[in-house]
Novice: 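I'd like to ask you about the structure that follows.
Quick note: residue numbers are just sequence positions, from 1.
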Amino acid sequence: MAAVAQCVRGALRPRLPLLSVALRTSPRLLCAATQQKNTGQNLEEDQSQGQNEQKVEPSSAEKLLAEEKAKLEEQLKEVTEKYKRALADAENVRQRSQKLVEEAKLYGIQSFCKDLLEVADILEKATESVPKEEIKDENPHLKSLYEGLVMTEVQIQKVFKKHGLLRLNPVGAKFDPYEHEALFHTAVEGQEPGTIALVSKIGYKLHGRTLRPALVGVVKEA
């Protein structure tokens, strides 16, 4: 046993200096490893900081995209405004066209009405020209003719009214240049100046629009 122990001690003795050298050099190795680790961490931090800076500062491509987006939004706004204006113009045209169609329906017969007014004037003058004292049973032919003229005049006025054509007989009313045409001015006692004293020719209005002004005499100051 003593011989075995001696052999082991002999085997370990040459290796003790190597172990002590390794222990003495290990702190240097530890420092170098720590420095390398710190250097690696600093590199990683620098890289991450650089990436963050790249994220903060937009690239030229992003700037171009932002500018292009702004241009497209402005173009969209302009197109939308033009579209709205076009819709408004189309609606105005539609309303004007509809109004013209309605006016054409109402006033399309005014030329025909003007021609009929002459017939109505003749009938009125014919009935006025018959002496009232001559309308007797002793004159049956004259009486029948007069009654026929009156009935015709009444009927034609009904037709006029049905189509919106109304008489203007403004005796005693205020003179209106849009409805009346003054033939003369005269002083009349008891009447206010500017009123109509006499109607020489009956006027007519078609759906509220003067078709033919009444020919009148207007009272003036004495």
Side-chain angles (χ1 to χ4, degrees), residues 83-222:
Y83 175 70
K84 289 180 180 179
R85 286 196 295 269
L87 283 180
D89 292 341
E91 180 63 20
N92 291 335
V93 170
R94 187 191 67 80
Q95 291 180 357
R96 286 197 296 269
S97 300
Q98 184 177 0
K99 185 177 180 181
L100 289 174
V101 170
E102 291 175 355
E103 288 183 351
K105 290 179 180 178
L106 291 175
Y107 304 109
I109 60 172
Q110 62 182 3
S111 296
F112 179 67
C113 290
K114 281 183 178 180
D115 294 337
L116 286 179
L117 294 184
E118 300 299 327
V119 178
D121 292 340
I122 292 171
L123 284 173
E124 185 178 1
K125 288 179 180 179
T127 54
E128 288 176 354
S129 64
V130 177
K132 301 298 184 290
E133 62 275 7
E134 297 294 331
I135 305 172
K136 301 177 183 178
D137 293 335
E138 289 79 5
N139 294 324
H141 299 293
L142 180 61
K143 184 178 180 181
S144 298
L145 178 61
Y146 176 79
E147 290 176 351
L149 290 174
V150 171
M151 290 176 63
T152 304
E153 186 180 5
V154 170
Q155 186 62 33
I156 199 171
Q157 291 299 327
K158 286 182 179 179
V159 173
F160 286 171
K161 188 175 181 180
K162 178 181 177 181
H163 293 279
L165 188 62
L166 301 177
R167 285 164 55 99
L168 288 176
N169 190 6
V171 176
K174 273 284 187 183
F175 177 77
D176 185 352
Y178 295 102
E179 297 182 355
H180 314 134
E181 183 178 342
L183 294 178
F184 59 89
H185 291 78
T186 182
V188 180
E189 255 185 68
Q191 291 193 15
E192 183 181 354
T195 57
I196 296 172
L198 177 69
V199 176
S200 176
K201 194 173 186 179
I202 297 294
Y204 284 88
K205 294 178 76 172
L206 179 61
H207 295 292
R209 179 188 295 179
T210 301
L211 183 63
R212 189 183 74 183
L215 305 181
V216 301
V218 183
V219 178
K220 69 176 182 179
E221 293 183 2

Novice: Distance from Leu215 atom CG to Leu183 atom CG, nearest 0.5 Å?
Specialist: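 Leu215 atom CG to Leu183 atom CG measures 5.0 Å (nearest 0.5 Å).
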Novice: Does the Thr210 side chain pair with the main chain of Tyr178, one donor and one acceptor, at a distance under 3.5 Å?
Specialist: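 Indeed, once roles are kept as given, a pair shorter than 3.5 Å links the two residues.
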Novice: Taking only Lys NZ, Arg NE, NH1 and NH2, and the carboxylate oxygens of Asp or Glu, determine whether Lys99 and Glu102 approach each other closer than 4.0 Å.
Specialist: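 No salt bridge links Lys99 with Glu102.
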Novice: Do other residues, nucleotides or ligands put more than 12 heavy atoms under 6.0 Å from Lys174 NZ?
Specialist: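 Counting other residues, nucleotides and ligands, NZ of Lys174 exceeds 12 neighbours.
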Novice: Can you check whether Gly217's main-chain N or O pairs, donor with acceptor, with His180's side chain at less than 3.5 Å?
Specialist: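 No.
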Novice: Is there side-chain contact between Leu117 and Leu165, with heavy atoms separated by less than 4.5 Å?
Specialist: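 A side-chain contact exists here, since the closest heavy-atom pair is under 4.5 Å.
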Novice: Determine whether Lys205 and Leu211 make a side-chain contact, defined as any pair of heavy atoms from C-beta on separated by less than 4.5 Å.
Specialist: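 Contact flag for Lys205/Leu211 side chains = no.
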Novice: Nearest 0.5 Å, what's the CZ-NE2 distance between Phe112 and His163?
Specialist: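 Reported value, rounded in 0.5 Å steps: 8.5 Å.
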Novice: Under 3.5 Å, is there a donor on one side chain and an acceptor on the other for Gln157 and Glu153?
Specialist: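 No, no side-chain donor-acceptor pair sits under 3.5 Å.
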Novice: Would you say the side chain of Val154 lies within less than 4.5 Å of the side chain of Lys158, judging by non-hydrogen atoms?
Specialist: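 Touching, per the 4.5 Å side-chain cut-off.
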Novice: Assess whether atom CD of Glu189 is packed by more than 12 heavy atoms of other residues, nucleotides or ligands within 6.0 Å.
Specialist: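 Check fails, neighbour count at 12 or below.
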Novice: Quick one: are Asp121 and Arg212 in side-chain contact, heavy atoms under 4.5 Å?
Specialist: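 Asp121 vs Arg212: side chains touch.
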Novice: Does Leu100 reach the side chain of Glu103, with side-chain heavy atoms less than 4.5 Å apart?
Specialist: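 A side-chain contact exists here, since the closest heavy-atom pair is under 4.5 Å.
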Novice: Check side-chain contact (heavy atoms from CB on, under 4.5 Å) between Val130 and all other residues, then give those that pass, not counting sequence neighbours.
Specialist: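 With neighbours one apart ignored, the set is Ile135, Leu142, Tyr146.
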Novice: Output yes when a side-chain donor or acceptor of Ser144 lies under 3.5 Å from a complementary backbone atom of His141, and no otherwise.
Specialist: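 Answer holds: no.
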Novice: Within a radius of less than 6.0 Å around NZ of Lys132, do more than 12 heavy atoms belonging to other residues, nucleotides or ligands occur?
Specialist: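 Enclosed.
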